[in-house]
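Inspection log for the structure reproduced underneath, given as structure tokens.
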Amino acid sequence: MVEDLLAGLNPQQAEAVTAVEGPVLVLAGPGSGKTRVLTHRIAWLVRETGVPAHHLLSVTFTNKAAAEMRGRVEQLLGGRLAGLQIGTFHSICARLLRVEAGAGVLPYGQNYSIYDTDDQQRVVKGVLSELNVDTKRVQPGRVLNAISAAKNELITPDEFRSADYFGEIVRRAYVQYQKRLVENNAMDFDDLLMNTALLLRDHDDVREKYQQRYEYVLVDEFQDTNQAQYQLVRILGRPQENVFVVGDEDQGIYAFRGADYRNVMQFRKDYPAAKVILLEQNYRSTQVVLDTARAIIDKNKHRTPKALFTDRSGGALVTVQEAYSEQEEGEWIARRIEELRRQRKDGYADFAVMYRTNAQSRALEEAFVRAGMPYRLVGGVGFYRRREVKDLIAYLKLINNPNDREVFERVVNVPGRGIGEKSVANFLDWAQNKNLTLAEALEAAADGVALPVVGRAAKGLVDFSQLLRDLRFMAAQNLLAAFDELTARTGYHIYLNEISDTAEQVTERQENVQALRGVIAEKKDLALDEFLADASLVAEIDQLDSSVDAVTLLTLHSAKGLEFPVVFITGVEDGLLPHSRTFSEPEEMAEERRLLYVGLTRAQDELYLTYAFRRVLYGDSTLSTPSRFFDDIPPELTTGLSPRLRGAQQRSGYKYETTWEREERPSSVSGAFASPKIIAFPPGGKASGGSRPAPAGPPTKYQPGMRVYHTKFGKGTVQSSKVISGDEEVQVRFEQAGIKLLSASFANLVVLDE
DNA sequence: TAAAGTATTCTTTTT
DNA sequence: GAATACTTTA
């Protein structure tokens with residue numbers, strides 16, 4: 001029995017799986033099989049030590065990871081484990097709070113709303129203007145960050161101490177912000193963690209209930225926990241302290257949302273008896289990939305050195321590629337993928353293209369569409385953030401929690417019912433004067449009570465409140481029917497026409513509404529509050545459907561925990577990776593390094609690092625420099641062009657350096673640059689061929705061997721020339737200046753007759 | 001009140 | 001250059 005759970009594991013992995021009593025800290029390098037260890041450990045505890053499945057709590061980083069882990073454990077044990085608790089901190093807390101809010105210990109109902117960043121932003125703005133704070137001088141976003149940071153440290157509004165002027169504004173805003181949230185029966189993401197931690201800390205009976213329930217607590221990606229999460233683990237772990245955490249300090253990439261990789265050190269202090277297990281063998285990558293990654297991460301201070309090793313010695317060199325622009329970067333990658341696919345006989349799904357910021361995905365997508373290559377995009381403008389989806393979800397939220405003022409204000413006049421700002425204010429004031437909650441006021445309106453609004457607004461408000469009442473009734477029976485009623489009675493499809501500028505936009509929005517309907521149909525087993533919590537807590541990465549054969553496009557952050565045979569990391573430029581916002585903060589710069597490390601270690605076989613010479617930012621074109629991180633990669637591990645690697649001897653001939661200058665290209669050329677119309681690509685949809693042959697190059701003006709003259713570089717010989725994005729790119733070996741890559745459209749090359 | 005026009009911010013990263 | 005916030009106009 002024991003054998004099959006330990007089969008194929010190395011001694012360290014086996015030790016981790018079978019550790020019985022007390023706290024365990026597993027420090028695991030990338031690709032060391034830590035997910036496998038966690039999965040096997042759960043199975044082992046259930047089968048070999050007889051722990052009932054519902055006494056186990058396993059925390060993962062994403063819901064997708066949770067689903068996968070549950071699947072594997074059930075596979076190992078050959079049956080369903082109904083009571084097994086696996087999920088993210090947020091989803092576990094949200095569920096716990098629904099139960100306990102119903103029990104009345106919290107100032108919340110179990111139908112509480114969960115606020116996303118947009119909702120938070122709205123509340124903060126409202127609060128700041130109430131406090132007469134100039135939002136030009138004090139950015140709401142910064143106030144929100146400060147509030148969020150406080151919550152992650154479990155500091156309540158009462159306990160918040162201000163040290164300076166800004167701090168005082170934050171303190172006052174925090175007090176009001178939290179008051180508003182409670183009034184609205186709403187929690188933000190941070191509240192889910194903070195309220196759970198405080199609830200368990202301050203209420204003995206509740207705490208004991210969960211402490212008794214959870215005999216074993218397991219946490220993955222421990223380096224990305226914040227203070228609130230750490231405290232949750234500590235509390236739930238008592239009294240047995242069977243706390244099993246797995247992490248890698250080098251992969252900590254979420255400090256910006258309060259994660260503190262020092263929790264790993266804290267753990268060692270708080271549990272001096274903890275067994276520490278190191279997993280250093282990498283089963284994923286080639287030696288070359290691993291050496292590259294190590295070269296990058298070794299430059300970070302304050303880390304526990306790990307002796308990572310693999311038995312996959314050698315491997316393909318890391319290819320470094322410069323492109324002229326982000327368009328050409330995408331085109332080059334698309335071409336390369338087709339080549340590799342032929343060579344390696346891989347499917348599209350074996351390739352991943354990663355980037356630092358979501359905005360970078362656009363040019364890549366366009367290139368892939370042009371190449372007819374199937375891709376799937378993780379994240380981007382999230383489905384749930386689309387206007388039409390947010391509107392309809394907002395209705396559902398209001399049905400679920402009619403005290404949510406934010407949501408009420410969002411949809412009361414959507415589609416237009418003649419209820420303007422003034423009427424809304426009158427209505428809310430009236431409710432307040434009569435001491436009615438929003439829910440009660442809406443009920444009164446539905447009953448036809450005289451309202452302090454006139455004309456169209458009065459009728460609109462009555463219609464609206466009656467609609468809500470009817471929908472609530474229907475939703476309790478059948479959510480999908482309620483949804484259909486909602487779109488029908490609000491004339492939402494007509495409204496979509498009104499708010500859209502083009503026919504395509506209408507279609508796209510209608511498709512999104514249909515997609516939302518599909519999600520509701522799929523989750524028909526869930527109650528409304530559960531459905532909404534689910535919808536609020538889905539991670540970008542949770543939507544990755546790996547059953548389709550397509551190239552994966554994702555941010556470096558989303559790539560955590562994944563692996564691919566071939567990985568492209570794009571935009572490896574100073575200002576992007578590392579991001580310019582981190583230049584002045586060494587701590588943040590170190591995190592950028594870890595981010596690159598995470599990206600590099602996703603690759604199993606081949607790694608490509610690309611950067612563009614120029615890139616469009618905020619709508620205008622800027623020149624960029626290859627990332628400073630290139631300086632740290634030993635040149636012998638790479639192949640391709642990178643000035644930072646190749647050093648001074650080639651720097652004199654640095655591609656483009658003196659050729660494009662800082663001038664704009666002639667407009668006739670930039671006209672040809674305009675991207676072709678993008679054909680909508682169904683997200684996760686069918687792959688359309690993708691086998692289109694690489695376009696045969698159009699005829700070029702310059703031919704290899706031709707002698708040319710340049711005003712600055714003198715005489716030279718054409719090496720090669722090709723048409724790229726409407727312009728001709730000529731490589732010339734100059735007698736004095738060395739090899740240069742020139743744009744034919746404005747380099748003014750004169751053909752010589754020699 | 002709604003529509004149309006103008007100004008401004010925005011890009012780190014995400015539960 | 002897109003999305004939103006804010007202002008002006010009908």
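Within every chain, numbering begins at 1; the chains are lettered A, B, ... in the order of the sequence lines, protein sequences first and strands thereafter. Values in this document were obtained by computation on a predicted structure and should not be read as measured data. The figures here come from the full heavy-atom set of this structure, side chains too, leaving out hydrogens, waters and symmetry mates.
Taking 4.5 Å as the limit, every side-chain heavy atom of A/Leu553 sits out of range of all side-chain heavy atoms of A/Arg376.
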Could you list, one pair per line, each protein nitrogen or oxygen that sits under 3.5 Å from a nitrogen or oxygen of nucleotides 6-10 of chain C, together with the distance?
none

Filtered N/O pairs between nucleotides 1-3 of chain B and protein, under 3.5 Å:
residue : atom : partner  : partner atom : Å
B/dT1   : OP1  : A/Gly420 : N            : 2.8
B/dT1   : OP1  : A/Ser423 : OG           : 3.1
B/dA2   : OP2  : A/Asn413 : ND2          : 3.2

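Between A/Gln229 atom CD and B/dT14 atom P there is a gap of 16 Å when expressed in whole angstrom units. Atom OH in A/Tyr115 sits roughly 18 Å away from atom C1' in B/dT15 (whole-Å rounding). In this structure, A/Asp224 atom CG and B/dT15 atom C1' are separated by 11 Å, rounded to whole Å. If you take CG of A/Asp118 and C1' of B/dT15, they are 14 Å apart, rounded to a whole angstrom. Atom CE in A/Met354 sits roughly 17 Å away from atom C1' in B/dT12 (whole-Å rounding). The interatomic distance linking A/Glu221 (CD) with B/dT13 (C1') rounds to 15 Å, in whole Å. Per the geometry, CG belonging to A/Asp116 stands 11 Å off C1' belonging to B/dT15, to the nearest Å. Between the P atom of B/dT14 and the CD atom of A/Gln251 lies a distance of 16 Å, rounded to the nearest Å.
In terms of modelled atom types and a separation under 3.5 Å, the side chain of A/Asp574 and the main chain of A/Arg628 share a donor-acceptor contact. At distances below 3.5 Å, not a single donor-acceptor pair connects side-chain atoms of A/Asn152 with backbone N or O atoms of A/Asp190. Listed for the A/Asn111 side chain is a donor-acceptor partner under 3.5 Å among the backbone atoms of A/Asn400.
Ring planes of A/His557 and A/Phe256: perpendicular class, angle over 60° (limits at 30 and 60°). Ring orientation note: the planes of A/Tyr108 and A/Tyr112 are nearly perpendicular, at an angle over 60° on the 30°/60° scale. Ring orientation note: the planes of A/Phe189 and A/His90 are nearly perpendicular, at an angle over 60° on the 30°/60° scale.
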**OP:** Taking Watson-Crick and G-U wobble pairs with both distances under 3.5 Å, convert DNA chain B into its dot-bracket string, 5' to 3', dots for unpaired and | for cross-strand pairs.
**Re:** ||||||||||.....

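A salt bridge is defined here as a Lys NZ or Arg NE, NH1 or NH2 lying under 4.0 Å from an Asp or Glu carboxylate O, and A/Glu530 with A/Lys523 fails to meet this definition.
OP1 and OP2 of B/dT12 both lie 4.0 Å or more from every side-chain N or O belonging to A/Thr582. Distances shorter than 4.0 Å separate none of the side-chain N or O atoms of A/Asn152 from OP1 or OP2 on B/dT15.
A/Phe89 comes within 4.0 angstrom of no nucleic acid atom, judged by non-hydrogen atoms across all strands.
A distance of 6.0 Å or more separates the ring centres of A/Phe464 and A/Phe427. If you look at A/Tyr611 and A/Phe630, their ring centroids are closer than 6.0 Å. Between A/Tyr495 and A/Tyr492, the distance from one ring center to the other falls under 6.0 angstrom.
Here A/His579 counts as stacked on B/dT12: its ring centre is under 5.5 angstrom from the base ring centre and the planes meet at under 30°.
For A/Arg262 and A/Phe267, the positive end is not near the middle of the six-membered ring at less than 6.0 Å and at most 45° from its axis.
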